[in-house]
Amino acid sequence: MTGIVALYIFMLAAFTGYEVISRVPVILHTPLMSGSNFVHGIVLVGAMVALGGAQTPLEKTIGFIGVLLAAGNAVGGYVVTERMLEMFKSSGARRKGAAPEKH
Amino acid sequence: MTGIVALYIFMLAAFTGYEVISRVPVILHTPLMSGSNFVHGIVLVGAMVALGGAQTPLEKTIGFIGVLLAAGNAVGGYVVTERMLEMFKSSGARRKGAAPEKH
Amino acid sequence: MPAALSADSLIQASYFVTAVLFIMGLKRMSSPVTARSGILWAGAGMLVATLITFLFPGMTNFPLIIAAMVVGGSLAWWSGKRVAMTNMPQMIALYNGMGGGGAAAIAAVELYRGEAQNYATSTLAVVGGIIGAVSFSGSAIAFGKLQGLITRSIRFSGQQILNLLLLAAAAGLGGLVAFHLNASPAVVTGFFVLALLLGLTMTLPIGGADMPVVISLYNALTGLAVGFEGFVLNNAAMIIAGTVVGSAGTLLTQLMAKAMNRSLGNVLFSGFGDTGSAAVGEVQGSLKPIEAADAGVMMAFAQKVIVVPGYGMAVAQAQHKIWELCQLLIDRGVTVRFAIHPVAGRMPGHMNVLLAEAGVPYDLIADLEEINAEFETADVALIIGANDVVNPVARTDKSSPIYGMPILNADKAKNVIVIKRGKGAGFSGIENGLFYLDNTRMLYGDAQKAAAELIQAIKAVD
Amino acid sequence: MPAALSADSLIQASYFVTAVLFIMGLKRMSSPVTARSGILWAGAGMLVATLITFLFPGMTNFPLIIAAMVVGGSLAWWSGKRVAMTNMPQMIALYNGMGGGGAAAIAAVELYRGEAQNYATSTLAVVGGIIGAVSFSGSAIAFGKLQGLITRSIRFSGQQILNLLLLAAAAGLGGLVAFHLNASPAVVTGFFVLALLLGLTMTLPIGGADMPVVISLYNALTGLAVGFEGFVLNNAAMIIAGTVVGSAGTLLTQLMAKAMNRSLGNVLFSGFGDTGSAAVGEVQGSLKPIEAADAGVMMAFAQKVIVVPGYGMAVAQAQHKIWELCQLLIDRGVTVRFAIHPVAGRMPGHMNVLLAEAGVPYDLIADLEEINAEFETADVALIIGANDVVNPVARTDKSSPIYGMPILNADKAKNVIVIKRGKGAGFSGIENGLFYLDNTRMLYGDAQKAAAELIQAIKAVD
Ligand SMILES: NC(=O)c1ccc[n+]([C@@H]2O[C@H](COP(=O)([O-])OP(=O)(O)OC[C@H]3O[C@@H](n4cnc5c(N)ncnc54)[C@H](OP(=O)(O)O)[C@@H]3O)[C@@H](O)[C@H]2O)c1
Ligand SMILES: NC(=O)c1ccc[n+]([C@@H]2O[C@H](COP(=O)([O-])OP(=O)(O)OC[C@H]3O[C@@H](n4cnc5c(N)ncnc54)[C@H](OP(=O)(O)O)[C@@H]3O)[C@@H](O)[C@H]2O)c1
């Protein structure tokens, strides 16, 4: 990937992230923080590749720690986000059903 | 640019465009249509490059038409968008000043 | 060649800046308060990109380039400055079509030249070319229809089949070119001719009332074509700007269709919105005229007046007089509000633009959802050159071409005063039962003149 | 090697799908109605990417990889399932820190290996490494503080200077590595040690009340670090996901700081929000207790009751009882509304989550701006374990640590009933003048118990 193309991808991804989050209601701040926390758990694939290519014991040790931490990020982030949003599901459904007159 | 990178750029640019426009009020539909019409006037730079590299009379003719049309797109798009938004400027300012209690 | 290299990085960096400015500009354009500055940002981006492109390595034909830019640019400048607000939609269509033509021209140069490209680029060139050409000829038809140059919607059975055949034939020739099977000039020419034809036959059957939606669609298509040609030329500014517009325009098209209560498929393939063929409904009752003096008294002693402006106000340029009239009423203690239908007039936001121009404050202006419940509490609904947007038939008659469109409930007001010149129908060409109701009075005349008379009448009350 | 090639395209395609799923998932998570499905989409993306990565060409050490995944994953699963809702923020901090550590580990492997990379990649590895390491140690401190493991905020003059020095030293070593001047293991180790230290010293002085904002900031930083390491590994899924989170997280951090009426700089550098050092204000007057029976009668005959829940309701898990109480009142014809302060409790949206759990309908819940004008018309404001969010000192006393935070105007209600266990202060540790007002009565007790007593009292009225 050439430098300028990398820059374009960076710029566009940044705009996308910014726009996706803009105008989010306060009540969703914590679940959304946790959800985006889960998303950067994708670092797991990088850590897998790093450990998968590790040769010296040092590299293997660091790689092992990396995969362990990254897996914790991904799994933990998913579990807590899911638990929090589970509660909003019911309230969201209720909102739709019970109070359609609210704008 | 490799195919997959091109795909990423396409995907991210599409998300960005979509998100930027979502939730736009009806009153801005026409100026926004005209504004995005102006933005694709960037085809002018492509037409310039095409004509700039044209060799045969046929290529030159098509290139000439291309630059002419593209310049019309860019300039015309700018002028009409600017004229329309000029009117919103005043109403936007008035909105801010005169009716701050409106949410 | 360090000079060429550094020119190249300069160009790349400038295109990057342009892409950012475009996105920021569009972002600002989608909010009323920052909209004006948005076009300035985008304009700055365009300027940067255009100037820097002259430095492109290996460019020749500078006189030709500059001549074409001057001719195209100054014609567009001149027409863009002159066009009346009411004619904006067709002007946008025209400029948009030019952009599509530009994209098609790029594709044509690449394809006629026929240098060895890989399959991906030649396919992108072909796809961008067909989209650009369709947008070009289609936008020309849209312009012709809205400008009144083409008054009839040509329609015959098998129309869709013809379109499909044309599309298939164009795609076939395009495939030959894209996969380097036969890229002779004859095939390339045939490909573009078919694509241009397709744009014509697709657009001709669509009625004028749907044109803004169609224009928006072609706008998105041109964006897409520009993006594809950007990939062909490896030009990042074109890729980003084109794709962003392609996607933003698609969403905008959907939003516009929704505001008219139509689906996009319905707009493209149903042939609704045609001024020619719509049925003129039968209405019972009679039109009851009123004098300006009486109408003025009625409003002067009202508690609440709701003003419903429509296309007629726009053509009469009556917005200033109307606002003068409303100010008189407000000074007398009357509550005045403006009810704006999303598709009143001939372009989305049309009425808002005109009222803003006249200086009506924002907080007096309400949109359909806000105001519809309020009509019951209004003593007078003053309809100024509006017709379809207050036609109750949209609520009841399934066979009516405007059935299902949300309308302003002016018929719920205690009294209705309608300003129009005579018995002219609205855009959809159908009769309006509202004008025949017991509590409706017709104030005949040009909207501007009628407003002036009303002003006199109200001043005479004191 | 067509096999490797096709594995590569499969991986690329899967990463593309993952990136799209992540973006769509985040999009869905930002609206209450679709939020739940959002995490499922994102989860599907993660699953696809993880599984496909096992096919990466040249991978070895599979047992190690799987062991690390099982250990890290199951610990996180277990802790994530067990953690109480009130402890969510620190748990998020912990997982986030782990992600930062993962990014730093990738950087470490690359840098220790020291294979010839170009300057751009090694610079990105270094920058991602420092950000990841800061996020790792900083998040650990944030966890410790919120979990109550670290109770004091260590603060001394020159703190900012120390941070700057650490940053400069880390950047210096990083520069040596990035520009291939000296990439010996010793330098790399020094670089990471300094970066980890910087995370500690940056986070230690920040008070617990500001921790949610800080956690959100580190969340954004981890995203950025992941994006940078993605460039190093040329891994598109990491680039996109990391950058999207980096930018979304930055915006979210700003929004959260705004909801607490703070600027980000203020949060990071001012040392506000520290439970230890906040001044305890002097307040005139006395606390007037009330019996549950009397309070119940007062509410039963009220026209309108506004309930203000706070952190105390959360720890007592009293939301179900409170809703039972409110239903009794509603049955008696009392108008009941819930007033939710944006930072009531210990995380944004805390009260909404709990009330939703208890089944309170959305239309009874109002946020600060909606409800503040209504307190004047309320007969009773029932404060349940809330303190800082109703402290009038925020309006008046410039020296107060919560000065300027918008508060709920409970003091404007005709009567105020406060449920709390005793004289305990709120999060900011300051006295609350509201409790000493003439029309305020204190109902002492655990929120759950007090609510049960009120229920009995109201039932006894009939
Ligand atoms: N906004 C958009 O985006 C858009 C775009 C395209 C089409 N449309 C369509 O346009 C229509 C808009 O509805 P509308 O109610 O605003 O307008 P309309 O239905 O077109 O009716 C306009 C009325 O104004 C009267 N009029 C014309 N010139 C006048 C003048 N100088 N002074 C006074 N009255 C005058 C005409 O009657 P007389 O001839 O008797 O005076 C006519 O009945 C809808 O059908 C909509 O779907 C909207
Ligand atoms: N929401 C966020 O994102 C967030 C994050 C971090 C910090 N904060 C900060 O936290 C504070 C939130 O304000 P708040 O009004 O919700 O809470 P608060 O100011 O922390 O006050 C909680 C009150 O509840 C009482 N309480 C504790 N346990 C109780 C129980 N079991 N039953 C009954 N009462 C009990 C305590 O008094 P007793 O001990 O006398 O019972 C205490 O005064 C703000 O300062 C905010 O800035 C918010």
Side-chain angles (χ1 to χ4, degrees), chain B residues 1-46 49 74 77-78 81-82 84-85 88-103, chain D residues 5-34 38 41-42 45 48-49 52 56-57 223 227 230-231 233-248 251-252 366-373 406:
Chain B
M1 204 182 297
T2 66
I4 190 80
V5 171
L7 210 58
Y8 274 107
I9 296 225
F10 188 78
M11 182 267 283
L12 289 171
F15 265 115
T16 305
Y18 189 94
E19 289 296 326
V20 163
I21 300 303
S22 58
R23 286 162 284 200
V24 54
V26 172
I27 55 162
L28 283 176
H29 280 179
T30 298
L32 198 58
M33 173 164 84
S34 153
S36 57
N37 173 31
F38 165 65
V39 164
H40 66 53
I42 191 69
V43 69
L44 176 58
V45 306
V49 171
Y78 183 85
T81 310
E82 212 271 347
M84 273 190 275
L85 290 179
F88 281 93
K89 191 186 64 174
S90 53
S91 70
R94 196 175 312 117
R95 173 180 221 161
K96 256 176 128 182
E101 74 286 6
K102 245 204 136 187
H103 57 159
Chain D
L5 220 175
S6 87
D8 192 57
S9 350
L10 189 63
I11 292 172
Q12 294 298 336
S14 307
Y15 283 177
F16 184 80
V17 171
T18 297
V20 173
L21 284 172
F22 279 171
I23 295 174
M24 305 283 285
L26 278 178
K27 209 167 130 59
R28 298 182 77 82
M29 273 185 245
S30 52
S31 142
V33 182
T34 55
W41 288 50
V48 168
I52 212 75
F56 221 84
F231 281 113
L233 298 177
N234 210 349
N235 184 316
M238 282 172 72
I239 295 175
I240 311 283
T243 312
V244 166
V245 171
S247 132
L251 177 59
L252 194 57
D367 59 24
L368 190 128
E369 278 131 57
E370 269 179 82
I371 198 102
N372 249 351

Participant: Report, by ascending residue number, the residues of residues 15-22 of chain D in heavy-atom contact with chain B at a distance under 4.5 Å; give 'none' if the set is empty.
Facilitator: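 Counting heavy atoms that sit under 4.5 Å from chain B, the residues of residues 15-22 of chain D involved are D/Tyr15, D/Phe16, D/Ala19, D/Val20.
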
Participant: Side chain from CB out, backbone as N, CA, C, O: work out which of these in B/Tyr8 comes under 4.5 Å of a heavy atom of chain D, or both, or neither.
Facilitator: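 For B/Tyr8, backbone and side chain are both near chain D.
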
Participant: Is the shortest side-chain heavy-atom distance between B/Met11 and D/Ile23 below 4.5 Å?
Facilitator: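 Yes, their side chains come closer than 4.5 Å.
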
Participant: Does any heavy atom of chain D fall under 4.5 Å from the side chain of B/Leu12, the backbone, both, or neither of them?
Facilitator: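 Only the side chain of B/Leu12 comes within 4.5 Å of chain D.
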
Participant: Which pairs, with at least one residue in residues 15-34 of chain D and sequence neighbours excluded, count as a salt bridge (charged side-chain N to carboxylate O under 4.0 Å, His left out)?
Facilitator: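 Qualifying pairs, neighbours excluded: B/Glu19-D/Lys27.
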
Participant: What residues form a side chain to side chain contact (heavy atoms under 4.5 Å, CB included) with B/Glu82, not counting sequence neighbours?
Facilitator: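 Per chain and number, B/Glu82 pairs via side chain to side chain contact (heavy atoms under 4.5 Å, CB included) with B/Tyr78, B/Glu86, C/Arg36, C/Ile39.
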
Participant: Could you note down all residue pairs passing salt bridge (charged side-chain N to carboxylate O under 4.0 Å, His left out) where residues 28-44 of chain B supplies at least one of them, sequence neighbours left out?
Facilitator: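 Non-adjacent pairs meeting salt bridge (charged side-chain N to carboxylate O under 4.0 Å, His left out): zero.
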
Participant: Atom CD1 in B/Ile4, atom CD1 in D/Ile11: separation rounded to 0.5 Å?
Facilitator: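 CD1 of D/Ile11 is found 11.5 Å from CD1 of B/Ile4.
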
